[in-house]
Amino acid sequence: MAQPLFRAPVGTRDLLPPESGRRRRLVSVFADLADRSGFGLLESPIFEELGVFQRLGASNDVVTKELFEFFDKGDPPRHLALRPELTASVCRAFAEHRPTPPWKIWYSGPQFRYERPQAGRYRQFDQVGVETLGTDDPHADVEVIGLGLRFYEALGMKQVRLLVNSLGDSESRPSYVAALAEYLRSRHGELSDQARLTLERNPLRVLDSKREQDQPVIAAAPVMADFLSGASAEHFAAVRAGLDSVGAAYEISPRLVRGLDYYTRTTFEFAADALHTAQNAVGGGGRYDGLVEELGGPPAPGIGFALGVDRILMACDAEGAFAAAPAPVEVFVVDTAGGHSAAVLCDRLRQAGLGVDRAFDGRSMKAQMKRADRSGATVAAIVGPDEQAEGAVTVRDMRPGGGQRRVAEAEVVAVVTELLEGAD
RNA sequence: GUGGCCGUAGCUCAGUAGGUUAGAGCGCCGGGUUGUGGUCCCGGAGGUCGGGGGUUCGACUCCCCUCGGUCACCCCA
């Protein structure tokens, strides 16, 4: 293979049409849903001061090993990092601007994590998400979770399951973690080496182990539900009741743990059953009642989710949903006359709001017609020497059995529009 | 960071128990007489077989290194 001089860096890729257009449509479906639910768009920087992300958890790989960090040219240099997720940025923005709560925000964009790529995992990846800050009303949880569910539905996905759990608050969580750690230590000998390491860093995360060996131990582990404080249990019950009221199907997943340390109380995950890869979580989120404060802001509880665009699209492929489609071309302009006729014609048709493409390089009529066909255009507008001489255009219906006729330039838009109206 | 598998034309792949000019399909370009696509037919361009080193009379085929891809662990969306 002739080796290209450069290629996209490891874990990144170029998104070409029509796939790129499909992603854009996905975001616009999400944007529409978020807008209609009272969420406004937050566009935050792609990089932040390192400290913004260090609150995500000292035991967390995302912070300790996977950050793309760098220094700028300041004096002294500032220590910055490409954002590995967006919740921290949203909280930082909240702490910085002090908007009136509840602050309901949606976002989309690239995020960066230095990991070994694998199915559904890239170093640069896209997420869409929402966050509601400044309220711990269980109905805020219900609204956020419901929005996620409706989004998958809007894409035509059917095989997405919602898993929910509560991690408890600052009172109940520590006692659970202590009990869990004690239990895990009692079965230390049965755990994998990896799980033992995880146990020392963050006992909760052991519940996430995918190793066969750990499964029996995990299955018998104590569950958070038994350790919830009265207030947390009540909050969780209200969230569940709310979900029931809007007909949102969910499963209680007592051992569901989120990756980032800031989560409290409600946690949830969207699992794509169509995906048989290791990464079948197409989205996840939860409550993070202390994060804003940790970033120097006022006490402000929050809840949100992030949905992985790449994984969602993989799941769509597996389900046959939300297919990619090339940008629609309605009219293809064929020009064998030379001069500016084709340019003028294209411009006129586009000004009329039509989707128009054309050929270049003065190729043969046959070649241009072939292009017209491949473009998927319903109509070909042909300008050759004859047409040019009489100020006319040949309008050809490209559909099987479609005919053609020569019309005056001034009538082209009307004739084409009429043909297209009969197209559907 | 650890491990498995893979790396031949733009794409999807075939090929070689090591031996003359490396193949197919799709795509691309041209043509099938007199300006017109979708089917069909003919022709053509395009590959130093990821890169480097080694073994050999000779390697795309064997060995080593390296880069890249892919999948899994870890981590997470």
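Letters A, B, ... are given to chains in the order of the sequence lines, protein chains preceding strands, and every chain is numbered from 1.
Contact record, A:F332 with A:S375: CD1-OG, 3.6 Å, taken as the closest heavy-atom pair.
Nearest nucleotide to the side chain of A:I382, out of B:C71, B:G68, B:G35: B:G35. Among the nucleotides B:C75, B:G35, B:U36, the one closest to any side-chain atom of A:Q404 is B:U36. Comparing B:A77, B:G1, B:C74 against the side chain of A:Q127 picks out B:A77 as the nearest. Listed candidates were B:G3, B:C29, B:C76. Nearest to the side chain of A:R116 is B:G3.
The base of B:C75 lies outside donor-acceptor range of the side chain of A:Q118, with no N or O pair under 3.5 Å. Contact annotation: side chain of A:K366 to base of B:G32, donor-acceptor pair present below 3.5 Å. A donor-acceptor contact under 3.5 Å links the side chain of A:R396 to the base of B:G37. Taking only distance into account, the side chain of A:D373 meets the base of B:G37 through a donor-acceptor pair shorter than 3.5 Å. At a cut-off of 3.5 angstrom, the base of B:G30 holds no donor-acceptor pair with the side chain of A:R363. Residue side chain A:R121 reaches the base of B:C75 through a donor-acceptor N/O pair under 3.5 Å, judged by distance alone.
Using a cutoff of 4.0 Å between basic side-chain nitrogens and carboxylate oxygens, A:D208 and A:R255 are not scored as salt-bridged.
A gap of 26 Å separates the C1' atoms of B:G51 and B:A45, to the nearest Å. Straight-line distance between the P atoms of B:G46 and B:G4: roughly 40 Å, to the nearest whole Å. To the nearest whole angstrom, the two P atoms, one in B:C65 and one in B:A22, are 30 Å apart. Using atom C1' as the reference point in both B:G19 and B:U12, the two lie 29 Å apart (nearest Å). Of the P atoms belonging to B:G50 and B:A9, the separation is 8 Å, rounded to the nearest Å. Using atom P as the reference point in both B:C5 and B:G43, the two lie 43 Å apart (nearest Å). Remark: the separation of the P atoms in B:U61 and B:U16 is 14 Å, to the nearest Å. Taking atom C1' on both nucleotides, B:U39 is separated from B:C6 by 38 Å, rounded to a whole Å.
Within the 4.0 angstrom heavy-atom criterion, base atoms lie near A:E115. Looking at heavy-atom distances under 4.0 Å, A:V334 makes no contact with the nucleic acid at all. Counting any heavy atom pair closer than 4.0 Å across all strands shown, A:E212 reaches no nucleic acid atom. Base contact: A:K210 has a heavy atom under 4.0 Å from a base atom. Looking at heavy-atom distances under 4.0 Å, A:P400 makes contact with a base. The residue A:G120 sits close to a base: some heavy atom pair falls under 4.0 Å. Heavy atoms of A:R196 sit nowhere under 4.0 angstrom from any nucleic acid atom.
For the strand RNA chain B, secondary-structure stems (runs of at least three Watson-Crick or G-U pairs, all distances below 3.5 Å) span B:1-7 with B:67-73, B:10-13 with B:23-26, B:28-32 with B:40-44, B:50-54 with B:62-66.
What separates CE of A:M157 from C1' of B:A77 is a distance of 12 Å, to the nearest Å. Spacing between atom CG of A:D14 and atom P of B:G10 amounts to 17 Å, rounded to whole angstrom units. Nucleotide B:G1 holds its P atom 12 Å from the CD atom of A:E66, rounded to whole Å.
At least one test fails for A:R265 against the ring of A:F236: distance under 6.0 Å to the centre or angle within 45° of the axis.
Among the candidates A:F71, A:F68, A:F112, A:F70, the single residue satisfying the ring pair (Phe, Tyr, Trp, His ring centres under 6.0 Å) test with A:F47 is A:F70.
Counting only distance, with no hydrogens or angles, the side chain of A:T417 and the backbone of A:V413 share a donor-acceptor pair below 3.5 Å.
Side-chain nitrogen and oxygen atoms of A:R201 include at least one within less than 4.0 Å of the OP1 or OP2 phosphate oxygen of B:C75.
The stretch residues 266-293 of chain A participates, sequence neighbours left out, in these ring-ring contact (aromatic ring centres under 6.0 Å, His included) pairs: A:Y152-A:F270, A:Y262-A:Y288, A:F268-A:F270.
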